[in-house]
There are 2 protein chains.
Amino acid sequence: MKAQALHGHLDALLLAVLERGALHGYAIIEALRVRSGGALDLPTGTIYPALRRLERAGYVASSWSTVNGRERRTYQLTDAGGRALAGERTGWREFSSTVGRFLGPDQPPAPA
Amino acid sequence: MKAQALHGHLDALLLAVLERGALHGYAIIEALRVRSGGALDLPTGTIYPALRRLERAGYVASSWSTVNGRERRTYQLTDAGGRALAGERTGWREFSSTVGRFLGPDQPPAPA
DNA sequence: CCTTCATAGGTAGCAACGCTACTTGTCGGC
DNA sequence: GCCGACAAGTAGCGTTGCTACCTATGAAGG
(Lines give C-alpha, C1' and ligand atoms only; values in the text may rest on other atoms or scores of the structure.)
Protein backbone atom coordinates (compact mmCIF):
# COMPACT_ATOMS: atom_id res chain seq x y z
CA MET A 1 0.00 0.00 0.00
CA LYS A 2 1.27 3.38 -0.88
CA ALA A 3 1.67 5.25 2.33
CA GLN A 4 1.48 8.71 0.79
CA ALA A 5 -2.24 8.29 0.63
CA LEU A 6 -2.27 8.67 4.38
CA HIS A 7 -2.48 12.38 3.83
CA GLY A 8 -4.39 13.91 6.65
CA HIS A 9 -5.00 10.70 8.53
CA LEU A 10 -1.54 10.04 9.90
CA ASP A 11 -2.16 12.11 13.00
CA ALA A 12 -5.28 10.12 13.75
CA LEU A 13 -3.37 6.88 13.35
CA LEU A 14 -0.65 8.00 15.71
CA LEU A 15 -3.16 9.06 18.32
CA ALA A 16 -4.96 5.75 17.94
CA VAL A 17 -1.76 3.81 18.52
CA LEU A 18 -0.90 5.84 21.60
CA GLU A 19 -4.39 5.30 22.92
CA ARG A 20 -3.37 1.83 24.03
CA GLY A 21 -0.43 3.10 26.00
CA ALA A 22 2.67 5.30 25.82
CA LEU A 23 5.32 4.29 23.33
CA HIS A 24 8.56 5.69 21.99
CA GLY A 25 8.89 6.66 18.34
CA TYR A 26 10.50 3.53 17.10
CA ALA A 27 7.96 1.37 18.90
CA ILE A 28 5.17 3.38 17.31
CA ILE A 29 6.48 2.52 13.88
CA GLU A 30 6.55 -1.14 14.82
CA ALA A 31 3.09 -1.04 16.34
CA LEU A 32 1.75 0.45 13.11
CA ARG A 33 3.47 -2.20 11.06
CA VAL A 34 2.29 -5.06 13.22
CA ARG A 35 -1.27 -3.90 13.72
CA SER A 36 -1.71 -3.17 10.03
CA GLY A 37 -0.43 -6.57 9.05
CA GLY A 38 2.58 -5.00 7.36
CA ALA A 39 0.59 -2.60 5.23
CA LEU A 40 1.94 0.41 7.05
CA ASP A 41 5.70 0.69 7.21
CA LEU A 42 6.37 4.32 7.83
CA PRO A 43 9.84 5.83 7.69
CA THR A 44 11.22 7.71 10.67
CA GLY A 45 11.23 10.89 8.61
CA THR A 46 7.48 10.67 8.59
CA ILE A 47 6.89 9.72 12.21
CA TYR A 48 9.16 12.03 14.14
CA PRO A 49 8.06 15.29 12.55
CA ALA A 50 4.46 14.16 12.93
CA LEU A 51 4.96 13.46 16.62
CA ARG A 52 6.50 16.88 17.15
CA ARG A 53 3.54 18.38 15.36
CA LEU A 54 1.21 16.55 17.69
CA GLU A 55 3.23 17.61 20.68
CA ARG A 56 3.15 21.25 19.60
CA ALA A 57 -0.59 20.87 19.27
CA GLY A 58 -0.76 19.51 22.79
CA TYR A 59 -2.15 16.14 21.79
CA VAL A 60 0.78 14.14 23.07
CA ALA A 61 3.34 14.70 25.79
CA SER A 62 6.87 13.32 25.66
CA SER A 63 9.43 12.38 28.25
CA TRP A 64 13.00 11.25 27.90
CA SER A 65 14.32 8.12 29.45
CA THR A 66 17.71 6.54 29.06
CA VAL A 67 17.68 2.79 28.66
CA ASN A 68 21.05 1.07 28.35
CA GLY A 69 22.60 4.30 27.20
CA ARG A 70 19.86 4.61 24.59
CA GLU A 71 17.91 7.79 24.61
CA ARG A 72 14.25 7.12 24.30
CA ARG A 73 11.58 9.68 23.98
CA THR A 74 8.33 8.21 25.13
CA TYR A 75 5.11 9.76 23.91
CA GLN A 76 1.79 9.55 25.62
CA LEU A 77 -1.66 10.76 24.77
CA THR A 78 -2.93 13.83 26.60
CA ASP A 79 -6.54 14.53 27.45
CA ALA A 80 -6.72 16.93 24.54
CA GLY A 81 -5.24 14.19 22.40
CA GLY A 82 -7.96 11.81 23.45
CA ARG A 83 -10.60 14.33 22.55
CA ALA A 84 -8.88 14.98 19.23
CA LEU A 85 -8.84 11.27 18.56
CA ALA A 86 -12.57 11.03 19.13
CA GLY A 87 -13.06 13.82 16.61
CA GLU A 88 -10.72 12.15 14.16
CA ARG A 89 -12.70 8.94 14.45
CA THR A 90 -15.88 10.78 13.60
CA GLY A 91 -14.15 12.54 10.73
CA TRP A 92 -12.80 9.27 9.45
CA ARG A 93 -16.21 7.67 9.48
CA GLU A 94 -17.69 10.56 7.50
CA PHE A 95 -14.83 10.60 5.09
CA SER A 96 -14.75 6.87 4.50
CA SER A 97 -18.48 6.59 4.03
CA THR A 98 -18.48 9.54 1.63
CA VAL A 99 -15.63 8.29 -0.50
CA GLY A 100 -16.95 4.75 -0.19
CA ARG A 101 -20.16 5.89 -1.78
CA PHE A 102 -18.19 6.59 -4.95
CA LEU A 103 -15.55 3.92 -4.84
CA GLY A 104 -17.87 1.17 -3.85
CA PRO A 105 -18.87 0.37 -0.34
CA ASP A 106 -16.32 -1.97 1.09
CA GLN A 107 -17.91 -2.08 4.48
CA PRO A 108 -21.43 -0.72 4.48
CA PRO A 109 -21.80 1.09 7.80
CA ALA A 110 -23.64 -1.43 9.87
CA PRO A 111 -26.72 0.33 11.19
CA ALA A 112 -26.48 0.33 14.93
CA MET B 1 -16.32 17.61 6.14
CA LYS B 2 -12.96 19.05 5.42
CA ALA B 3 -12.23 18.48 1.79
CA GLN B 4 -8.48 18.68 2.16
CA ALA B 5 -8.57 15.16 3.55
CA LEU B 6 -9.26 14.02 0.01
CA HIS B 7 -5.55 14.04 -0.61
CA GLY B 8 -4.74 11.29 -3.00
CA HIS B 9 -8.30 10.18 -3.52
CA LEU B 10 -9.65 13.02 -5.61
CA ASP B 11 -8.53 11.44 -8.85
CA ALA B 12 -10.34 8.25 -7.98
CA LEU B 13 -13.49 10.19 -7.20
CA LEU B 14 -13.39 12.01 -10.50
CA LEU B 15 -12.91 8.80 -12.41
CA ALA B 16 -15.78 7.23 -10.50
CA VAL B 17 -18.09 10.09 -11.40
CA LEU B 18 -17.17 9.91 -15.06
CA GLU B 19 -17.73 6.17 -15.01
CA ARG B 20 -21.46 6.82 -15.25
CA GLY B 21 -21.12 8.96 -18.32
CA ALA B 22 -19.27 11.91 -19.79
CA LEU B 23 -19.74 15.24 -18.05
CA HIS B 24 -18.31 18.71 -18.27
CA GLY B 25 -16.34 20.19 -15.37
CA TYR B 26 -19.11 22.13 -13.76
CA ALA B 27 -21.45 19.15 -13.93
CA ILE B 28 -18.80 17.01 -12.27
CA ILE B 29 -18.72 19.36 -9.32
CA GLU B 30 -22.49 19.14 -9.04
CA ALA B 31 -22.50 15.38 -9.37
CA LEU B 32 -20.01 15.13 -6.54
CA ARG B 33 -22.07 17.43 -4.39
CA VAL B 34 -25.32 15.63 -5.06
CA ARG B 35 -24.04 12.10 -4.80
CA SER B 36 -22.20 12.86 -1.59
CA GLY B 37 -25.25 14.41 -0.03
CA GLY B 38 -23.55 17.78 0.11
CA ALA B 39 -20.44 16.54 1.89
CA LEU B 40 -18.24 17.24 -1.11
CA ASP B 41 -18.40 20.76 -2.47
CA LEU B 42 -15.19 21.20 -4.36
CA PRO B 43 -14.05 24.53 -5.77
CA THR B 44 -13.30 24.87 -9.47
CA GLY B 45 -9.66 25.51 -8.64
CA THR B 46 -9.51 21.96 -7.41
CA ILE B 47 -11.44 20.27 -10.18
CA TYR B 48 -10.04 21.80 -13.33
CA PRO B 49 -6.38 21.25 -12.57
CA ALA B 50 -7.23 17.72 -11.46
CA LEU B 51 -9.03 17.02 -14.73
CA ARG B 52 -6.08 18.30 -16.72
CA ARG B 53 -3.84 16.06 -14.68
CA LEU B 54 -6.04 13.09 -15.50
CA GLU B 55 -6.08 14.04 -19.14
CA ARG B 56 -2.31 14.31 -19.27
CA ALA B 57 -2.21 10.87 -17.69
CA GLY B 58 -4.53 9.58 -20.39
CA TYR B 59 -7.31 8.61 -18.01
CA VAL B 60 -9.86 10.99 -19.45
CA ALA B 61 -10.36 12.54 -22.87
CA SER B 62 -11.96 15.92 -23.42
CA SER B 63 -13.83 17.50 -26.27
CA TRP B 64 -15.16 21.00 -26.76
CA SER B 65 -18.66 21.77 -27.68
CA THR B 66 -20.35 25.13 -27.90
CA VAL B 67 -23.82 25.28 -26.48
CA ASN B 68 -25.66 28.60 -26.72
CA GLY B 69 -22.36 30.39 -26.94
CA ARG B 70 -21.18 28.57 -23.86
CA GLU B 71 -17.98 26.70 -24.22
CA ARG B 72 -18.24 23.32 -22.64
CA ARG B 73 -15.44 20.90 -22.26
CA THR B 74 -16.82 17.45 -21.83
CA TYR B 75 -14.69 14.82 -20.21
CA GLN B 76 -15.07 11.13 -20.65
CA LEU B 77 -13.33 8.14 -19.21
CA THR B 78 -10.85 6.33 -21.42
CA ASP B 79 -10.07 2.65 -21.31
CA ALA B 80 -6.93 3.40 -19.36
CA GLY B 81 -9.04 5.50 -17.03
CA GLY B 82 -11.37 2.60 -16.44
CA ARG B 83 -8.45 0.39 -15.57
CA ALA B 84 -7.01 3.05 -13.32
CA LEU B 85 -10.35 3.33 -11.59
CA ALA B 86 -10.40 -0.38 -10.91
CA GLY B 87 -6.98 -0.08 -9.34
CA GLU B 88 -8.06 2.92 -7.32
CA ARG B 89 -10.99 0.99 -6.00
CA THR B 90 -8.76 -1.80 -4.84
CA GLY B 91 -6.38 0.71 -3.32
CA TRP B 92 -9.22 2.41 -1.54
CA ARG B 93 -10.47 -0.82 -0.07
CA GLU B 94 -7.03 -1.66 1.24
CA PHE B 95 -6.52 1.82 2.57
CA SER B 96 -9.86 2.10 4.24
CA SER B 97 -9.68 -1.31 5.86
CA THR B 98 -6.16 -0.58 7.11
CA VAL B 99 -6.98 2.79 8.57
CA GLY B 100 -10.29 1.46 9.79
CA ARG B 101 -8.43 -1.11 11.82
CA PHE B 102 -6.99 1.74 13.85
CA LEU B 103 -9.79 4.22 13.82
CA GLY B 104 -12.36 1.54 14.26
CA PRO B 105 -15.73 1.38 12.58
CA ASP B 106 -16.80 2.82 15.89
CA GLN B 107 -15.08 1.67 18.99
CA PRO B 108 -11.56 0.46 19.67
CA PRO B 109 -11.51 -3.28 19.00
CA ALA B 110 -13.23 -4.65 22.01
CA PRO B 111 -11.38 -7.52 23.66
CA ALA B 112 -13.52 -10.34 22.34
C1' DC C 1 -29.85 49.75 -19.93
C1' DC C 2 -27.30 48.02 -16.31
C1' DT C 3 -26.32 45.16 -12.50
C1' DT C 4 -26.25 40.77 -10.41
C1' DC C 5 -26.43 35.91 -10.27
C1' DA C 6 -25.77 31.21 -12.04
C1' DT C 7 -23.28 28.79 -15.41
C1' DA C 8 -18.69 27.61 -17.32
C1' DG C 9 -13.71 27.38 -17.64
C1' DG C 10 -9.43 28.65 -16.16
C1' DT C 11 -4.64 30.35 -13.80
C1' DA C 12 -1.26 31.75 -10.04
C1' DG C 13 0.55 31.21 -5.89
C1' DC C 14 0.37 29.12 -1.33
C1' DA C 15 0.50 25.79 2.52
C1' DA C 16 0.22 21.24 4.23
C1' DC C 17 1.87 16.78 4.26
C1' DG C 18 4.55 12.84 3.82
C1' DC C 19 8.76 11.08 1.53
C1' DT C 20 13.75 10.37 0.47
C1' DA C 21 18.17 10.92 1.98
C1' DC C 22 21.20 11.95 5.35
C1' DT C 23 23.24 12.53 10.16
C1' DT C 24 24.26 11.27 14.98
C1' DG C 25 24.90 7.86 18.53
C1' DT C 26 24.75 3.24 21.34
C1' DC C 27 25.03 -1.67 21.61
C1' DG C 28 25.89 -6.52 20.15
C1' DG C 29 27.94 -9.91 17.09
C1' DC C 30 31.58 -11.22 13.92
C1' DG D 1 37.43 -2.65 14.26
C1' DC D 2 33.33 -2.86 11.58
C1' DC D 3 28.67 -3.72 10.43
C1' DG D 4 23.89 -3.95 11.41
C1' DA D 5 19.85 -3.16 14.47
C1' DC D 6 18.03 0.16 17.42
C1' DA D 7 16.76 5.16 18.31
C1' DA D 8 16.04 9.97 17.17
C1' DG D 9 16.28 13.53 14.33
C1' DT D 10 16.82 17.28 10.23
C1' DA D 11 16.75 19.23 5.39
C1' DG D 12 14.83 19.61 1.25
C1' DC D 13 11.58 18.01 -2.26
C1' DG D 14 7.26 16.92 -4.85
C1' DT D 15 2.49 16.25 -4.86
C1' DT D 16 -1.84 17.91 -3.92
C1' DG D 17 -5.65 20.61 -2.98
C1' DC D 18 -6.96 25.34 -1.59
C1' DT D 19 -7.80 30.42 -1.85
C1' DA D 20 -8.12 34.12 -4.65
C1' DC D 21 -8.40 35.81 -8.81
C1' DC D 22 -9.84 36.40 -14.00
C1' DT D 23 -12.74 35.83 -18.29
C1' DA D 24 -17.19 35.23 -20.50
C1' DT D 25 -22.27 34.25 -21.56
C1' DG D 26 -27.25 34.24 -20.60
C1' DA D 27 -31.24 35.20 -17.63
C1' DA D 28 -33.62 37.95 -14.25
C1' DG D 29 -34.54 42.27 -11.77
C1' DG D 30 -34.39 47.03 -11.10
Side-chain angles (χ1 to χ4, degrees), chain A residues 1-15 22-34 36 39-57 59-60 62-75 88 91-92 95 98-99, chain B residues 1-15 17 22-34 36 39-57 59-60 62-75 88 91 95 98-99:
Chain A
M1 193 184 107
K2 282 180 300 184
Q4 37 271 76
L6 281 177
H7 259 281
H9 303 289
L10 174 63
D11 291 4
L13 250 42
L14 292 176
L15 295 175
L23 291 173
H24 60 278
Y26 207 83
I28 291 173
I29 294 174
E30 298 216 302
L32 285 166
R33 189 172 53 231
V34 171
S36 70
L40 294 175
D41 194 1
L42 307 178
T44 65
T46 292
I47 297 304
Y48 292 114
L51 285 169
R52 315 196 108 230
R53 203 162 56 222
L54 290 174
E55 187 169 22
R56 261 199 317 271
Y59 295 156
V60 301
S62 71
S63 55
W64 282 103
S65 48
T66 305
V67 178
N68 293 339
R70 294 252 177 85
E71 298 291 301
R72 288 171 159 202
R73 187 176 222 168
T74 303
Y75 293 89
E88 295 277 9
W92 166 253
F95 172 72
T98 299
V99 177
Chain B
M1 195 186 109
K2 283 179 298 183
Q4 38 272 75
L6 281 179
H7 257 283
H9 303 290
L10 174 63
D11 291 3
L13 251 41
L14 293 177
L15 295 176
V17 168
L23 292 172
H24 59 277
Y26 206 84
I28 290 174
I29 294 174
E30 298 215 301
L32 284 167
R33 188 171 54 232
V34 171
S36 70
L40 293 175
D41 195 0
L42 306 178
T44 65
T46 292
I47 297 304
Y48 292 115
L51 285 170
R52 317 194 107 230
R53 204 160 56 222
L54 290 173
E55 188 168 24
R56 258 200 319 271
Y59 295 157
V60 301
S62 72
S63 53
W64 283 104
S65 46
T66 307
V67 178
N68 295 339
R70 293 251 179 89
E71 299 290 301
R72 289 172 157 204
R73 188 178 222 167
T74 304
Y75 294 89
E88 295 277 8
F95 172 73
T98 299
V99 177

Please list, pair by pair, any protein nitrogen or oxygen found under 3.5 Å from a nitrogen or oxygen in nucleotides 27-30 of chain C.
unit_1	atom_1	unit_2	atom_2	d
C:dC27	OP1	A:N68	O	2.7
C:dC27	O4'	A:R70	NH2	3.4

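If you check every strand for non-hydrogen atoms under 4.0 Å, B:L10 touches sugar and phosphate atoms only. Among the heavy atoms of the strands lying under 4.0 Å from A:G25 are primed sugar atoms or P, OP1, OP2 only; no base atom is included.
Not one side-chain nitrogen or oxygen of B:R53 sits closer than 4.0 Å to the OP1 or OP2 atom of D:dT15. The side chain of A:R52 contributes no N or O atom lying less than 4.0 Å from OP1 or OP2 of D:dA8. OP1 and OP2 of C:dT26 both lie 4.0 Å or more from every side-chain N or O belonging to A:R72. At the phosphate of C:dA8, OP1 or OP2 sits under 4.0 Å from a side-chain N or O atom of B:H24.
With rounding to whole Å, B:L13 atom CG is found 10 Å from D:dG17 atom P. Following rounding to the nearest Å, B:E30 (CD) and C:dA8 (C1') show an atom-to-atom distance of 11 Å. Look at CG on B:L54: it is 12 Å from C1' on D:dT16, rounded to the nearest Å. Nucleotide C:dA6 holds its P atom 11 Å from the CZ atom of B:R33, rounded to whole Å. Distance B:R73 CZ to C:dT11 C1': 13 Å, rounded to the nearest Å. Atom CG in A:L14 sits roughly 15 Å away from atom C1' in D:dA8 (whole-Å rounding). As rounded to whole Å, 9 Å separates atom C1' of D:dC18 from atom NE2 of B:H7. Between B:Y48 atom OH and C:dT7 atom P the separation is 12 Å, expressed in whole Å.
Comparing A:E71 and B:T46 by the nucleotide of DNA chain D whose heavy atom lies nearest to each, the residue mapping closer to the 5' end is A:E71. If B:Y26 and A:A50 are placed on DNA chain C by their nearest nucleotide, the residue sitting closer to the 5' end is B:Y26.
By the 30° and 60° cut-offs, the orientation of the rings of A:W92 relative to B:F95 is perpendicular. Taking the six-membered ring for Trp and thresholds of 30 and 60 degrees, A:H7 and B:H7 have nearly parallel ring planes, at less than 30 degrees apart.
For B:Y59, the OH atom sits in a loose shell: 12 or fewer heavy atoms of surrounding residues, nucleotides or ligands are nearer than 6.0 Å.
With values rounded to the nearest 0.5 angstrom, B:L6 atom CG is found 10.5 Å from B:D11 atom CG.
Of the listed residues (A:E71, A:R72, A:H24), just one forms a side chain to side chain contact (heavy atoms under 4.5 Å, CB included) with A:S65, and that residue is A:R72.
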Kindly indicate, with the supporting measurements, whether the criterion side-chain contact (heavy atoms from CB on, under 4.5 Å) is fulfilled by A:L13 and A:L40.
CA-CA 10 Å; A:L13 250 42; A:L40 294 175; 3.7 Å; yes
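In the interface, the side chain of B:T44 is not paired with the base of C:dG9 through any donor and acceptor atom under 3.5 Å apart.
The stretch residues 23-33 of chain A participates, sequence neighbours left out, in these salt bridge (charged side-chain N to carboxylate O under 4.0 Å, His left out) pairs: A:E30-A:R33, A:R33-A:D41.
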